[in-house]
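I have placed the structure first, in the form of structure tokens, so that the comments after it can refer back to it.
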Amino acid sequence: MPKLSKPKHEIIANALASGKSQAEAYRAAGYVYKPANASRLCRNPSIEARAREIISERTNSEAKAREIGIARAALTGEWIILRLKHVIDSSIRGLPVYDRNGDATGTFKPDLDAAINGLKLAAKIAGILVHRHEIDESGVFARMTDAELNRAFLEQVKALGLSERSLVEIRASVFSE
């Protein structure tokens, strides 16, 4: 879609796309703010369509810029994991210990906190470490029978607005593991 034919309408579309309110967009175009007029103009289909297009263009250009930045920095999953492994190994091995004269003693002091944090991050990346927590009373599910668990699960599925088909797919994926 090309720019809007009226410059003030283009200003309003840009302002709305930037997250400004109708009043701010209306004022940015040089109009004297009147709520009814601002609402009517900001809801104009061509202005709304142009605002959506501007948002889409910005999103696409940000994604392209991010891709270019990642490519230039050579940030791949493999690179990150390799560096993380190096940091973990270095933390476990530790830093050299020096005597009062600044000479290396030949011993190393490991940084176990950094090693543990690195191992936790590596476990998260690998999908081994998953944080689980109960939202309601502690241990409430442990005291339920299978029938009660199924009933509670069905209630949660319905509360989320999922269909019966989704429920069947969820159960199939859970019981296939």
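Treat the numbers as computed from the prediction; the structure is a model and nothing was measured.
Heavy atoms only, all atoms of each residue included: N14 and R58 are closest at OD1-NH2, 3.5 Å. Among all heavy-atom pairs drawn from A13 and A51, the shortest one is O-CB, 3.7 Å. In terms of heavy-atom proximity, A115 sits nearest to I92 at CB-CG1, 3.6 Å. Nearest approach of Y98 to P96, heavy atoms of both residues: OH-CG, 3.5 Å. Between A38 and Y33, the closest heavy-atom pair is CB-CE1, 3.6 Å. Of all heavy-atom pairs spanning L4 and S46, the tightest one is CD2-O, 3.9 Å.
Environment of CG in D146: sparse, with no more than 12 heavy atoms of neighbouring residues, nucleotides or ligands closer than 6.0 Å.
Ion pairing between R93 and D89 fails under the 4.0 Å rule for side-chain N and carboxylate O.
Remark: L82 engages no residue in a side-chain contact (heavy atoms from CB on, under 4.5 Å) (not counting sequence neighbours). Under the rule for a side-chain hydrogen bond (donor to acceptor under 3.5 Å, both in side chains), S56 has no partner lying at least two apart in sequence or in another chain.
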Discussion item. Evaluate N44 against I12 for side-chain contact (heavy atoms from CB on, under 4.5 Å), listing each step before the verdict.
Written reply: CA-CA 11 Å; N44 179 311; I12 289 173; over 6 Å; no
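For residues 60-84, no pair satisfies side chain to side chain donor-acceptor pair (under 3.5 Å), with sequence neighbours left out. Residue pairs satisfying the salt bridge (charged side-chain N to carboxylate O under 4.0 Å, His left out) criterion with at least one member in residues 2-24, sequence neighbours excluded, are listed as follows: E10-R50. Counting only residues at least two apart or in different chains, salt bridge (charged side-chain N to carboxylate O under 4.0 Å, His left out) contacts with residues 147-156 are absent. Pairs passing the side chain to side chain donor-acceptor pair (under 3.5 Å) check and including a residue from residues 105-115, sequence neighbours excluded, read T105-T107.
Side-chain atoms of D99 come within 3.5 Å of backbone atoms of N101 as a donor-acceptor pair (strictly under, hydrogens ignored). Judged by distance alone, the side chain of S39 and the main-chain N or O of P35 form no donor-acceptor pair under 3.5 Å.
How far SG of C42 is from CD1 of I47: 6.5 Å, rounded to the nearest 0.5 Å. Distance check: I55 CD1 to L16 CG gives 8.5 Å after rounding to the nearest 0.5 Å. Separating the CD1 atom in I116 from the OG atom in S91 is a distance of 10.5 Å, to the nearest 0.5 Å.
Using a 4.5 Å cut-off between side-chain heavy atoms of Ile, Leu, Val, Met, Phe, Trp and Tyr, with links allowed through other members, L112 and V87 fall into different hydrophobic clusters.
Just one residue in the list I11, L41, N37 forms a side chain to side chain contact (heavy atoms under 4.5 Å, CB included) with Y31, and that residue is L41.
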